[in-house]
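For the single chain, residues carry numbers from 1 onward in sequence order. Fair warning: this is a prediction, and the values are worked out from it, not measured in the lab.
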Amino acid sequence: MQTCLIQIAFQQYSHQTIYRLPYKKSFVIAYKSFCKAFKLAWEPPKVRVERKVPFIPTEAEIDTLIAGCGRKTAAFLQVLKDTGARGSEACRLKWEDIDEKTNIIRINNPTKGSLARVVKVSQKTIAMLKSLPRNGEYIFNTNVSSIRKNFTKQRNKIAAKLQNPRLKQIHLHTIRHWKATMEYYKTKDIKYVQYLLGHKKIENTDIYTHLVSFENEEWHVAVAKSLEEEKKLIEVGFEFVRYSERDGVAIYRKRK
């Protein structure tokens, strides 16, 4: 009898996000919701889910998708890249959340119990947003499933055209993993990354301290001869390596 109820519950609630969870936990969440709806007493068992190590693409691969997608999808991906927001948070952005003068995006509608936050973004992101038509108070389609489906279709075409199967491993949430990983790599400040992601618990952010291992990666290398040139390199993501006294230049690098 209970098995049948679980099956019914799972079918009833499968339209929610639980189907993305591991199989056993999905049933537990579904039946718990079922019992709550019909006021049934039930003590749910504890199901431990081992967190998998996410795929981290290169910045060049993310930029390839941004360049290859349509204007609105590209702007959406650029927002994810600069803010580290969830897709469900980005699709709730309103025009009033964008400060063009200070290059600030306010994430005022966080999801999954996260905190609201303010994120500094690049001029490129602001320009891409300004190029979009203003058809209402929201910038993007508020249905993240529709955005995800549209992105997946465009991503697969780009991956096939470029013969790069790695691109097909990039999902909307993958860009959040990339942003968190890169920010921790650059700052080594776990509290900053926690704020960036809107996590209430530091334990949810700790995973990104274990994903940083770029020793064998290739790098873009650049040199700066003045403070102004150094500033420009830092603004686009380059990190300082060392100062060459012989040549009188500062050497910077950025992961490809």
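Nearest heavy-atom pair across Val223 and Glu229 is O-OE1, 4.3 Å. Minimum heavy-atom separation, Arg106 to Asp99: NH1-CB, 4.1 Å. Taking all atoms of both residues into account, the shortest heavy-atom contact from Leu196 to Glu183 is CD2-CG, 3.7 Å. Between Pro110 and Arg117, the shortest heavy-atom contact is CB-NH1, 3.9 Å. Ile170 and Pro57 make their closest contact through CD1-CB, 3.7 Å (heavy atoms, listed as atom of the first residue, atom of the second, distance). When all heavy atoms of Ala224 and Tyr252 are compared, the pair lying nearest together is CB-CE1, 4.4 Å.
Within a 6.0 Å sphere centred on NZ of Lys153, heavy atoms belonging to other residues, nucleotides or ligands number 12 at most. Residue Lys32 qualifies as open at atom NZ: its count of foreign heavy atoms under 6.0 Å is 12 or below. The environment of Glu235 atom CD is dense: over 12 non-hydrogen atoms of other residues, nucleotides or ligands sit within 6.0 angstrom.
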Note to self: Could you go through Leu115 and Lys200, starting from their C-alpha distance and side-chain angles, then the distance that decides it, and tell me whether this counts as side chain to side chain contact (heavy atoms under 4.5 Å, CB included)?
What the structure shows: CA-CA 7 Å; Leu115 300 171; Lys200 289 182 178 179; 3.6 Å; yes

Check: Should Asn103 and Gln123 be marked as a side-chain hydrogen bond (donor to acceptor under 3.5 Å, both in side chains) after you check the CA-CA gap, both sets of side-chain angles, and the distance that decides it?
Finding: CA-CA 7 Å; Asn103 290 2; Gln123 185 60 46; 3.3 Å; yes

Note to self: Assess the residue pair Val119 and Asp82 against the criterion (side chain to side chain contact (heavy atoms under 4.5 Å, CB included)); give the C-alpha distance rounded to whole Å, side-chain angles, the decisive distance to 0.1 Å, and a yes or no.
What the structure shows: CA-CA 8 Å; Val119 184; Asp82 257 13; over 6 Å; no

Check: For Glu89 and Arg176, what are the C-alpha separation, side-chain angles and deciding distance, and is it a side chain to side chain contact (heavy atoms under 4.5 Å, CB included)?
Finding: CA-CA 11 Å; Glu89 294 171 333; Arg176 177 174 167 88; 4.2 Å; yes

Next item on the list: Apply the test side chain to side chain contact (heavy atoms under 4.5 Å, CB included) to residues Thr142 and Arg92: give CA-CA distance (whole Å), side-chain angles for both, the deciding distance (0.1 Å), then the verdict.
Entry: CA-CA 6 Å; Thr142 55; Arg92 298 183 183 187; 5.7 Å; no

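For the atom pair NZ (Lys72) and CG (Leu77), the distance works out to 13.5 Å, reported to the nearest 0.5 Å. Note: Ile175 CD1 to Glu61 CD = 11.5 Å, rounded to the nearest 0.5 Å. Expressed to the nearest 0.5 Å, how far CZ of Phe34 lies from CH2 of Trp42 amounts to 11.5 Å. Between atom CD1 of residue Ile147 and atom OG of residue Ser88 there is a gap of 10.0 Å, rounded to the nearest 0.5 Å. To the nearest 0.5 Å, atom CD1 of residue Ile158 and atom NZ of residue Lys168 are 12.5 Å apart. One distance of note links CD1 of Ile105 with CG of Leu129; it measures 5.5 Å at 0.5 Å rounding.
No chain of hydrophobic side-chain contacts below 4.5 Å, direct or via other Ile, Leu, Val, Met, Phe, Trp or Tyr residues, connects Val221 to Phe238. Criterion: ILVMFWY side-chain heavy atoms under 4.5 Å apart, direct or through other members. Under it, Ile98 and Met128 are part of a common hydrophobic cluster. Leu197 and Ile202 end up in the same hydrophobic cluster when Ile, Leu, Val, Met, Phe, Trp and Tyr side chains are linked at under 4.5 Å. Hydrophobic clustering keeps Tyr243 apart from Val249 (ILVMFWY residues linked when any side-chain heavy atoms are closer than 4.5 Å, directly or through intermediates). Under a hydrophobic clustering in which Ile, Leu, Val, Met, Phe, Trp and Tyr are joined whenever their side-chain heavy atoms come within less than 4.5 Å, directly or via other members, Ile104 and Leu93 fall into different clusters.
Of the candidates Gln154, Gln78, Arg155, Thr73 forms a side-chain hydrogen bond (donor to acceptor under 3.5 Å, both in side chains) with just one, namely Gln154.
Contact annotation: the side chain of Phe140 approaches that of Leu132 to within less than 4.5 Å [non-hydrogen atoms, C-beta and beyond]. Side-chain contact between Trp95 and Glu137 is absent, with no heavy atoms from C-beta onward closer than 4.5 Å. Counting only heavy atoms from C-beta outward, the side chains of Trp178 and Lys81 approach each other to under 4.5 Å. Counting only heavy atoms from C-beta outward, the side chains of Leu162 and Leu167 approach each other to under 4.5 Å. Between Arg166 and Phe55, some side-chain heavy-atom pair lies under the 4.5 Å cut-off. Ser131 is listed as a side-chain neighbour of Arg71, based on a closest heavy-atom distance under 4.5 Å. At least one side-chain heavy atom of Arg86 sits under 4.5 Å from a side-chain heavy atom of His173. Counting only heavy atoms from C-beta outward, the side chains of Phe151 and Leu65 approach each other to under 4.5 Å.
Formation of a donor-acceptor pair under 3.5 Å by the Thr83 side chain with backbone atoms of Val79 is found in this model. Between the Lys157 side chain and the Thr152 main chain, no donor and acceptor come within less than 3.5 Å of each other. Judged purely by atom type and a 3.5 angstrom limit, Ser146 has no side-chain atom pairing as donor or acceptor with the backbone of Asn143.
Judged by the 6.0 Å distance and 45° axis criteria, Lys36 is not positioned over the aromatic ring of Phe38.
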